[in-house]
Amino acid sequence: MDRYRVAPGTQVDLSQWSTDDTPEAESKDEGKERFSVMNNRLEALQEVLYAQGKHKILIVLQAMDTGGKDGAIRHVFDGVNPQGVKVASFKVPTPLERAHDYLWRVHARTPAQGEIVIFNRSHYEDVLVVRVHNLVPEDVWSRRYEQINAFEKLLADEGTTILKFYLHISKEEQKERLQARLDDPSKHWKFSPGDLAERKFWPDYMAAYEAVLSRTSTDWAPWYIVPADRKWYRNLVISEVLVQTLAGLDLRFPEATESLDGVVIE
Ligand code: AMP
Ligand code: MG
């Protein structure tokens with residue numbers, strides 16, 4: 001899965017990154033089978049992570065509208081213990097949030113020991129939608145890449161493992177998914193006319209994502225560019241990277257606080 005990791009310093013040209021490759025699986029059936037194995041392993045690893053109460057895991061999900069952030073959360077994390085996993089969704093900042101620096105609301109929701117926190121959107125919106133629509137002047141947003149790298153370094157130095165996924169879909173695939181939302185009344189709640197307005201800015205968003213991926217993939221907080229036109233493959237890639245990363249931590253169930261030898265329960 002290292003093929004999807006953006007090496008620090010890479011100049012990312014998203015047109016060169018596939019949205020629909022599936023090289024890690026022969027077929028959808030094989031992919032789903034492997035996903036199910038990963039799903040079970042994630043469940044087991046997360047149980048130890050929670051019990052041990054030592055490591056903090058931060059997962060950042062970013063994508064264009066309909067890119068599959070919600071679907072990835074639903075599928076990749078089904079089966080984990082909800083006590084140890086939280087989702088933090090970042091929307092248009094409230095007046096209180098806007099009255100602070102842009103990392104204030106983000107830092108408040110980073111994982112504690114033993115937790116996995118999934119960011120559904122994140123501080124990267126502050127160099128994506130904010131950049132595309134000039135919500136702050138360029139001299140303000142252009143400083144944020146360095147600030148974000150420093151912020152993530154702080155989290156990493158203090159013991160947080162950070163994984164960032166950009167779910168890469170094609171503009172054509174977005175069209176189909178928006179149409180599906182229009183056609184299916186059970187998906188109307190997800191359809192926002194604003195998404196059509198944002199779609200017109202596709203090239204600007206791609207440029208903003210390229211800047212993010214080129215400038216903020218670091219050794220301590222790498223980006224993965226996930227081919228996301230096929231939902232099953234997207235889920236497989238995310239869960240494999242996650243399992244591989246968690247398996248590399250020193251996860252152990254904690255020892256009993258005192259010897260349990262000879263304990264008798266009457
Ligand atoms: P959704 O994730 O579909 O519920 O939409 C959330 C909306 O909030 C998206 O349109 C984001 O671009 C927007 N949003 C999130 N963070 C920010 C931010 N820092 N500044 C402006 N808009 C934001
Ligand atoms: Mg939306």
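Order of appearance sets the numbers: ligands from 1, and atoms from 1 within every ligand.
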> Is there a side-chain contact between Leu242 and Leu163 in this structure, where contact means two heavy atoms from C-beta onward sitting under 4.5 Å apart?
yes
> Evaluate Val92 for polar contact with ligand 1, using N/O atom pairs at a separation under 3.5 Å.
yes
> Side chain of Arg230, backbone of Asp20: donor and acceptor closer than 3.5 Å?
yes
> Among protein heavy atoms, which lies nearest atom 22 (N) of ligand 1, and at what distance?
Val129 CG1, 3.6 Å
> Among protein heavy atoms, which sits nearest to atom 19 (N) of ligand 1, and what does the distance come to when rounded to 0.1 Å?
Asp126 OD1, 3.1 Å
> Indicate the ring-plane relationship of His168 and Tyr166, choosing parallel, tilted or perpendicular according to the 30° and 60° boundaries.
tilted
> Does even one non-hydrogen atom of Arg105 get within less than 4.0 Å of ligand 1?
yes
> Quick one: is the NZ or CZ of Lys32 closer than 6.0 Å to the six-membered ring centre of Trp232, and within 45° of its axis?
no
> Just by distance, do the side chain of Arg177 and the backbone of Thr66 share a donor-acceptor pair under 3.5 Å?
yes
> Among all protein heavy atoms in this structure, tell me which lies nearest to atom 11 (C) of ligand 1, with the distance rounded to 0.1 Å.
Glu125 OE1, 3.6 Å
> Hey, is ligand 1 close enough to Asn120 that some N/O pair sits below 3.5 Å?
no
> Among Lys91, Lys190, Arg98, which one puts a heavy atom closest to atom 15 (C) of ligand 1?
Lys91
> Taking the six-membered ring of Phe90, is the NZ or CZ of Arg105 close enough (under 6.0 Å from the centre) and on axis enough (within 45°)?
no
> Quick check: does any side chain N or O of Lys164 sit under 3.5 Å from a backbone N or O of Ala221, one acting as donor and the other as acceptor?
yes
> Distance to 0.1 Å, residue and atom name: give those for the protein heavy atom nearest to atom 6 (C) of ligand 1.
Arg121 NE, 3.6 Å
> Give the numbers and elements of all ligand 1 atoms closer than 4.0 Å to a heavy atom of Pro93.
17 (C), 18 (C), 19 (N), 20 (N), 21 (C)
